[in-house]
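Structure first, commentary second.
Remember, predicted model here, so these are calculated numbers, not experimental data. Below, chains carry the letters A, B, ... as their sequence lines are ordered, and counting in each starts from 1.
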Protein chains: 4
Amino acid sequence: MSIAPPGQNYDYLQTAVALAERFGVDAAERDKRGGTPKLQRDWIRESGLLRLLIPAAYGGDGQPWSAVLRVVREFARTDAALAHLYGYHFLSLSAVHLAGSEEQKRRYYEETVKHNYFWGNSVNPLDDRTIGERTEGGVIVNGAKSFSSGSPDSDMLVISWRDRETGEFYKGMVPTRRLGVQVHDDWDCMGQRQTGSGTVSFHNLRLEDEEILVRPYAQDTAFSTLTPILSQSILASVFVGSAIGALEAARNYTTTKARAWYRSGVSSAAEEPSTQSRYGEMWASVQAALSLVEKAAAALDQIWAKDVALTQAERGECAVLVAAANVHAGNTALEITSRIFEVMGARSTAGHYGFDRFWRNVRTHTLHNPAEFKLRNVGNWFLNGQWPEPGYYS
Amino acid sequence: MSIAPPGQNYDYLQTAVALAERFGVDAAERDKRGGTPKLQRDWIRESGLLRLLIPAAYGGDGQPWSAVLRVVREFARTDAALAHLYGYHFLSLSAVHLAGSEEQKRRYYEETVKHNYFWGNSVNPLDDRTIGERTEGGVIVNGAKSFSSGSPDSDMLVISWRDRETGEFYKGMVPTRRLGVQVHDDWDCMGQRQTGSGTVSFHNLRLEDEEILVRPYAQDTAFSTLTPILSQSILASVFVGSAIGALEAARNYTTTKARAWYRSGVSSAAEEPSTQSRYGEMWASVQAALSLVEKAAAALDQIWAKDVALTQAERGECAVLVAAANVHAGNTALEITSRIFEVMGARSTAGHYGFDRFWRNVRTHTLHNPAEFKLRNVGNWFLNGQWPEPGYYS
Amino acid sequence: MSIAPPGQNYDYLQTAVALAERFGVDAAERDKRGGTPKLQRDWIRESGLLRLLIPAAYGGDGQPWSAVLRVVREFARTDAALAHLYGYHFLSLSAVHLAGSEEQKRRYYEETVKHNYFWGNSVNPLDDRTIGERTEGGVIVNGAKSFSSGSPDSDMLVISWRDRETGEFYKGMVPTRRLGVQVHDDWDCMGQRQTGSGTVSFHNLRLEDEEILVRPYAQDTAFSTLTPILSQSILASVFVGSAIGALEAARNYTTTKARAWYRSGVSSAAEEPSTQSRYGEMWASVQAALSLVEKAAAALDQIWAKDVALTQAERGECAVLVAAANVHAGNTALEITSRIFEVMGARSTAGHYGFDRFWRNVRTHTLHNPAEFKLRNVGNWFLNGQWPEPGYYS
Amino acid sequence: MSIAPPGQNYDYLQTAVALAERFGVDAAERDKRGGTPKLQRDWIRESGLLRLLIPAAYGGDGQPWSAVLRVVREFARTDAALAHLYGYHFLSLSAVHLAGSEEQKRRYYEETVKHNYFWGNSVNPLDDRTIGERTEGGVIVNGAKSFSSGSPDSDMLVISWRDRETGEFYKGMVPTRRLGVQVHDDWDCMGQRQTGSGTVSFHNLRLEDEEILVRPYAQDTAFSTLTPILSQSILASVFVGSAIGALEAARNYTTTKARAWYRSGVSSAAEEPSTQSRYGEMWASVQAALSLVEKAAAALDQIWAKDVALTQAERGECAVLVAAANVHAGNTALEITSRIFEVMGARSTAGHYGFDRFWRNVRTHTLHNPAEFKLRNVGNWFLNGQWPEPGYYS
């Protein structure tokens, strides 16, 4: 799986499918271990998929967000942590696209293509510990951020801080290896265990002015506020992909390992009518969630293409659809990943299968921000015609 | 709303929306009354929508099934009975398309365009009371069929019988007014009360040979077995349309009539956060079901276009998707049509609103054939790769 | 079924079972008709059950509330409207017990025993149209109250009004036939259609001082605030009884009328494994709800027996349990009354069976006051140890 | 917590509560570790609770099964594995009661009291690998059994085998330390990780005739077939206890660690209305399940007290109730243990809390035998009046 030459036509989906299969070989084992899936991250680097979304003008593949989300779902079938890391690579990179200058876009897109950078983030806007102090031609940042997904083994980080004087919230880009950046290996969670979503601390870290996003390009535009829509879209695809993967793993178990119940009157588990109807019901649920997620992805492509011409109404309509897709997909995935055991049976709980990781991953990730508040936004729009107020998570 | 000239370009969706609005004016009242919505059926006749699916070669509008289903959903927003009747008009007419000779197709399509026929059916394959006896150049049919949806006020009927000697199952086409056809006004159901799904009896009814489908055209082909897929597709759209309509009716009530609970601390019902999140949740569920139904409709368009070239595998794949969409949409609609009351409150149960008709319609129609057996088909395919065996309902 | 002599030992449960059976004969028909079940109300009068709760000291049977609720559930199995009317007879009568003087208790209890009064109410505290004006030795009441359940064919009414000067909320007792009381026949609802929960209007209605509750007995006590707990308890038993009745009606249909699906491979519907497991699941749900309702009823008996010695903490603990039982029972009943159709099949929707009335009754009655706010009370207690603030509905 | 003198009155519930609290201190940590909770098992030994059910005539406390189940629920609040082990101690011991001779009952009850034995089992009837060969005065057993819960650190084991010649299924009692018994440390499961439910293998293990149950006492009686009812009862209490424990752990987190969402408008998480109503809903569900489990436990006490006089009808009625309670409690626990995270938020997924163990334990244990088949038994009884056929699991 060598790197495809930039810009050359290649089948990204085929690449993603092949990678997902390789991830699946030891996904259960790596889930237990936690830490950083360095080898798998390098496979992603080598695959060329890190430039999938980068516009052709900057040497990327120029694919839309729906292509990224398609890959996220493919990865999530076997490894939801890697799916998250891959989606968040583009979430981080797109911060520059949404709120950077033309020079910044060019620089970071081109460098990413050239060096095949894998981006992580350390942005958590609810963690207020990080402070920036203006200095000649730049800023000095000190503090720490939790929930810094993808920071270990990243090449570049998007970070955030509050200005000591004004209290304003800033974002900037730094190479992860820069002096003053310390990525801590302190992520120990019940799910998404290889996302490295732990702490990054900053010790007199200096960013130059040109590394700071000040929204000159998309300031005060609807377009510059798309980050939560991107994030919710990525997570929605992680959820659906996890549900698909769980259902496929269960099928594989039912058809190859499960035994028919001794009083069922059938000779194989896969012939038991109630098992079939439960699979049918779960498959239908997953297809509904998938269809909604695909529709939301198509809507995202449309607003992304509008760039700064995007109106608040267009943003709002997409935000509602994406929020609905995110919550519905999350709920569907929660149900599927718990119910699969009922069609596999008692022996499927053996530790070496690691089938519980699907539920643990989804349960963890669906808490990223409260479904309740996303649903209120959707309902408020449906009832009162008000778009979600753009914010950190809406 | 005059008849658009055949073949002329017109916006069928706009027509459907306008009709649905007119249906809505007295839908609650007509639901209580039952009987035949003669006036509304005539509006459909006048609208030109009865030829929507008929190929342009025969003077129709040449639209795909997805267009028909789009209209069905639009109608179902205000009147699920009329939505059913409209969808089943094409279900009946398509029996000729699927299993008729080229002559029969031409004749019935062209006559339908010319006379603006509204088709009904009297086919129920599980009601074995109707017997045909071969005679010189035709057949004499006696007996009766229950569940003959759309038979009252129909111009044409597709009927079915078993041959007295061979036991074989036949279908044929007759003008409803022909001597020997008696449409009984005996439909009294808790839901779908204006579909006229009562009994048709046959008294020495004669059909000529050319009025009998003998599958010379599509015999033994996958294409000739599409009826249950069409039927499930129509019902799926009735379900989703009903759910959408229920949610819209609830919204209208919540924003104009409901009072905030005296301990809620808000001044209007539509501002109550829990009301908003419930609306959000319901809207998301409906969107998921709708997206799946749309995807299944697109798949139906594809296999319909293949005509006799359709393979069993292509039929099977579509059958699974349509069955999943049908069951999922039905379950979603059941939940929505029951839960809307929780966001409207006690006074919304007043009889004159008739809000319970949404649930009664969906509850009735989702029993058309058992969800359990459709789900087994889906699950059996997912587990064992077996397509649903073509039959009356699969 | 003649009136048992007061105080004589008789089996109230056997009486209730027999009455419920008689109610069931035409319950579906009466539901369609609406209006007042005069005949059935008279049967209840004749049965002696109207004095079940009245203390033996006043000539009643001296049974606890749990006995009343047991009868309510029995009635609700076949007729949820009559169950409601019966439970609310005691709810109204107990207003005197909770907040009347010893003289008032004696007078109304003894008169009820003597004349076999059936009590109704016209109290709706959220309807502010009724005003009382103090006058020499009494009050003159004018206005109207909606949701006056049981007012038609009642002998006595508990009514409420606000004092024109002080705005205080008062309750009093009047014979329904008194000049100035007008019971309107304007109840037309999608469910609970024979509860007569329409409007009562008051036209210069005079109540003497001794007909007004001023809480001299139980003023400022926890005991005087039990009305909402009684009301929620009665409704919880209506819900569970409706669910039990729906399940029994479905069983009767499945075992005597339903046909096995033609592809099920079994010869009778009741042998179909998936039908059995659904019945099993529904039965288990109903048993859980019933067990909780019974436990809440036992708790109610305990606090009722404490009389004015009742503490706020004891009231609070019971209020939480009753609220939880009410909401849980309501949700269970909603699910059961909708799902029964899945184990009966399409032909069970025929209008003459009237099986939809179970869902319509429960759906209507569960909206009496919002489940959301009851659940918040329960949750607030569980989280923060705060008892529900006594009020109209908590 | 010293051993209470046999027969002396002590408050077993207080003892259980205190033990549960001590289990809770490191339950999350021990769950991660797996293996045998030797220390905690010894605490149970020392507490005297191992003789709770043993009749007073044999020196035990003579408490009913409902007392055992009460302790099981108490333990499960903090440690579902220890709850399982404790319940199964009596399940194993009761094999002698149900199918042993009077001498066997006396011997094993008295020895258990005297030596404070902790019983485990190696009985799995679906694992056919173990064979017994008749020999002079006893049997020689070879083979292995999976799912031998509680075998590590047990003092006594109930084991089972099939007779090589007749194929008949036998059970017998052996000290775990006897030559020929090997307890393998091979239990690695996603849940119930400290139940030691791994393999026991038998190598020319000899049992004397008096160590073999041949049902002389209760042969062919309904009473001798109670094992699955006991087992389902124990599991039902593990489920409810786990749900209660999960809800309490969540409450503790919400009130002490959770932060209000930054857009919630409240200052503490426990004041957020939607959080309160979710807690209320969960609490109500758990109370319903608990009430049903308690009712089933009372029914079990009744049939246990009947001893060999028990009829098949009495057994059947209890079996249905226990099966319903088991499945309903399992489903409730599954939902609660997954939903608690929604009222705790993202940071509650941190690995050190181990809150996912509640779901993993319940998910694992609810698969002990298929809910589907238990529900069919319940439904078949409800529909057709047939009692569950006594068997390994019914």
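Proximity to chain C (any heavy atom under 4.5 Å) is shown, for Glu389(B), by both the backbone and the side chain. For Phe147(B), the part lying under 4.5 angstrom from a heavy atom of chain C is the side chain only. Of the two parts of Ser394(B), only the side chain, counted from C-beta on, holds a non-hydrogen atom closer than 4.5 Å to a non-hydrogen atom of chain C. For Tyr262(B), the part lying under 4.5 angstrom from a heavy atom of chain C is the side chain only. Proximity to chain C is limited to the side chain of Arg278(B), based on heavy atoms less than 4.5 angstrom apart.
Taking CH2 of Trp261(B) as the reference point, atom CG of Asn369(C) lies at 5.0 Å (rounded to 0.5 Å).
Interface check for chain B: of the options Trp359(C), Tyr392(C), Phe373(C), Tyr393(C), the most heavy-atom pairs under 4.5 Å are formed by Trp359(C). The residue among Gly345(C), Gly191(C), Pro370(C), Ala371(C) with the most heavy atom pairs within less than 4.5 Å of chain B is Pro370(C). In terms of non-hydrogen atom pairs under 4.5 Å with chain B, the most contact-rich of Ala350(C), Ser338(C), Gly391(C), Ser264(C) is Ser338(C).
Taking the charged nitrogens against the carboxylate oxygens, Glu272(B) and Arg376(C) do have a contact shorter than 4.0 Å, which makes a salt bridge.
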- Query: Please walk me through it: do Arg263(C) and Glu372(B) pass salt bridge (charged side-chain N to carboxylate O under 4.0 Å, His left out)?
  - Reply: CA-CA 11 Å; Arg263(C) 280 193 167 174; Glu372(B) 170 73 15; over 6 Å; no
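For the pair Arg360(B)/Arg360(C), a side-chain contact is recorded, criterion being any heavy-atom separation below 4.5 Å from C-beta on. For the pair Arg363(C)/Phe355(B), no side-chain contact is recorded, criterion being any heavy-atom separation below 4.5 Å from C-beta on.
Under the ring-ring contact (aromatic ring centres under 6.0 Å, His included) criterion, Tyr88(C) pairs with His84(C), sequence neighbours left out.
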